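None of the values given here were measured: they were computed from a predicted structure.
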Amino acid sequence: MKNLIIIIVSFVVLTSISYSKDEKIIKESLKNIENIYKKHNSISYSVFYKLKSMRTTDVDMIKAKVEMIRETNDQQFSSIFWYNLSDSVEKYYDGKMIYSINHKSKTITTFDAFEGEIDGIIQDLDGDVIRVPFATPQMITGLIDETNKLSYNISKSNPSLSEIVVRYPNENNFQDVEMQITFNNSTFELIKIFSKFSYKGELQTNEWNISQIIYDKISKENLIKKFGKYKNKYKIVMFEKN
């Protein structure tokens with residue numbers, strides 16, 4: 001009995017030490033990821049986005065190049081951004097208006113974001129390509145919450161990468177809500193975000209694969225100049241909500 005007690009106590013101590021070590025690594029890693037973003041004003045990246053929606057087994061995939069400037073006072077997206085898609089569509093948000101540029105039809109559809117016309121981003125699948133936490137980096141350490149369960153692993157496929165898994169509590173009909181972020185051990189750059197949840201038994205997954213990250217190479221002036229190449233050549237179409 002004495003030996004059994006010693007074994008149990010030893011196991012509890014070792015488990016506590018392991019948990020404390022992982023907890024420290026998680027907190028330090030999330031803080032480092034947040035700080036990497038905070039010290040830069042702009043970012044450009046390539047993203048390969050995948051979505052499996054509920055009630056289907058199909059996976060939608062989008063490749064895009066994103067340029068983003070953080071604007072903390074912006075009430076819609078906390079940023080100004082431009083992204084181009086592989087299907088000849090580009091979208092630009094200048095802090096007031098959203099412009100959907102279609103090179104095939106040579107038209108520009110305008111959305112007045114100041115008046116809440118943000119459907120051109122939030123209602124379209126491609127709008128998810130901007131959903132990386134650069135614009136609001138405080139969301140990263142915000143994952144540390146007493147209601148969330150966090151775990152840490154070295155990537156099995158690549159030991160230079162680490163993974164933090166966040167498991168959220170079940171709420172109402174949302175079950176098994178989970179997010180996994182993968183980052184470089186040396187630079188603390190996020191290279192992958194994967195999330196999933198079940199709603200009334202239907203599974204949805206979202207995945208962002210991020211690459212070609214460059215900081216502080218774009219400005220508002222760059223984006224204005226780029227938009228100037230099209231605004232006087234293409235037909236302007238005002239967005240009309242059905």
I224 vs Y92, side chain to side chain contact (heavy atoms under 4.5 Å, CB included): CA-CA, chis, key distance, verdict: CA-CA 9 Å; I224 292 171; Y92 169 42; 3.7 Å; yes
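- Side-chain atoms of E202 and S53, non-hydrogen and from C-beta on, never get closer than 4.5 Å to each other.
- Looking only at distances, no side-chain donor or acceptor of K31 sits under 3.5 Å from a matching main-chain atom of N35.
- The structure places CG of L150 at 11.0 Å from OG of S29, a figure rounded to the nearest 0.5 Å.
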Test log, rule side chain to side chain donor-acceptor pair (under 3.5 Å), inputs E34 and T141: CA-CA 7 Å; E34 180 180 302; T141 52; 2.4 Å; yes
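- Side chains of Y215 and E189: a donor-acceptor N/O pair is present below 3.5 angstrom, by distance only.
- With contacts defined as side-chain heavy-atom distances shorter than 4.5 Å, the pair I98/T110 does not qualify.
- In the model, Y93 has a side-chain atom that pairs as donor or acceptor with a side-chain atom of D74 under 3.5 Å.
- The shortest non-hydrogen separation linking K91 to G120 is NZ-O, 2.7 Å.
- The shortest side-chain heavy-atom distance between E207 and K192 falls under the 4.5 Å cut-off.
- With rounding to the nearest 0.5 angstrom, the OG1 atom of T107 is 9.0 Å from the CD1 atom of I236.
- When all heavy atoms are compared, the tightest approach of N185 to P159 is ND2-O, 2.9 Å.
- Around the CE atom of M139, the shell of radius 6.0 Å holds no more than 12 heavy atoms that belong to other residues, nucleotides or ligands.
- Across S79 and A135, no two heavy atoms sit closer than the pair CB-CB, 3.9 Å.
- The shortest distance between side-chain heavy atoms of S105 and N102 falls below 4.5 Å.
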Verdict with supporting geometry, I43 and I213, side chain to side chain contact (heavy atoms under 4.5 Å, CB included): CA-CA 7 Å; I43 187 174; I213 301 168; 3.9 Å; yes
Test log, rule side chain to side chain contact (heavy atoms under 4.5 Å, CB included), inputs I69 and F81: CA-CA 6 Å; I69 302 166; F81 57 81; over 6 Å; no
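- Taking NZ of K106 as the reference point, atom CD1 of I101 lies at 12.5 Å (rounded to 0.5 Å).
- Put simply, the side chain of E178 reaches to within 4.5 Å of the side chain of V165, judged on heavy atoms.
- Of the possible donor and acceptor atoms, none in the side chain of N153 sits under 3.5 Å from a partner among the backbone N and O of E163.
- In terms of modelled atom types and a separation under 3.5 Å, the side chain of D124 and the main chain of G127 share no donor-acceptor contact.
- Taking the centre and axis of the six-membered ring of W82, the NZ or CZ atom of K226 falls inside the cone set by 45° and 6.0 Å.
- The distance from atom OH of Y37 to atom CD1 of I33, rounded to the nearest 0.5 Å, is 8.0 Å.
- Taking the ring centroids of H103 and Y230, they lie under the 6.0 Å cut-off.
- By the 4.0 Å N-to-carboxylate-O rule, E90 lies too far from K65 to be salt-bridged with it.
- With values rounded to the nearest 0.5 angstrom, N41 atom CG is found 10.0 Å from T72 atom OG1.
- Taking each heavy atom of Q76 and A113 in turn, the nearest pair found is NE2-O, 2.8 Å.
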CA sep, side-chain torsions, deciding dist, call: K220, E71, salt bridge (charged side-chain N to carboxylate O under 4.0 Å, His left out): CA-CA 11 Å; K220 295 179 185 179; E71 286 287 336; 2.9 Å; yes
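- With respect to Y49, the side-chain hydrogen bond (donor to acceptor under 3.5 Å, both in side chains) criterion is satisfied by exactly one of N209, D60, D128: D128.
- Other residues, nucleotides and ligands contribute only 12 or fewer heavy atoms inside 6.0 Å of the CD atom of Q75.
- Taking each heavy atom of T147 and D145 in turn, the nearest pair found is OG1-OD1, 2.5 Å.
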Criterion side chain to side chain contact (heavy atoms under 4.5 Å, CB included) on T205 and F194, from CA distance to verdict: CA-CA 7 Å; T205 64; F194 176 83; 3.9 Å; yes
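- In this structure, a donor-acceptor pair under 3.5 Å is absent between the side chains of Q175 and S198.
- Atom CD1 of I218 and atom OG of S42 lie 4.5 Å apart (nearest 0.5 Å).
- Both tests pass for K63 against the ring of F48: distance under 6.0 Å to the centre and angle within 45° of the axis.
- In this structure, the side chains of I164 and Q180 stay at 4.5 Å or more apart for every pair of heavy atoms.
- Annotation: side chain of N84 is not in contact with side chain of V89 (no heavy-atom distance under 4.5 Å).
- L190 and I214 are members of different hydrophobic clusters when ILVMFWY side chains are connected at heavy-atom separations under 4.5 Å.
- Side-chain contact of S219 with N222: a donor-acceptor pair under 3.5 Å is present, judged by distance alone.
- Between K196 and N206, every side-chain heavy-atom pair lies at or beyond the 4.5 Å cut-off.
- Side-chain atoms of N32 come within 3.5 Å of backbone N or O of E28 as a donor-acceptor pair.
- Panel note: side chain N173, backbone K200; no donor-acceptor pair is recorded below 3.5 Å.
- Here the closest heavy-atom approach between residue I108 and residue K231 is recorded as CD1-CA, 3.8 Å.
- The closest side-chain donor-acceptor pair between Y152 and S162 falls under 3.5 angstrom.
- Looking at R70, its side chain does come within 3.5 Å of a backbone N or O of F134 through a donor-acceptor pair.
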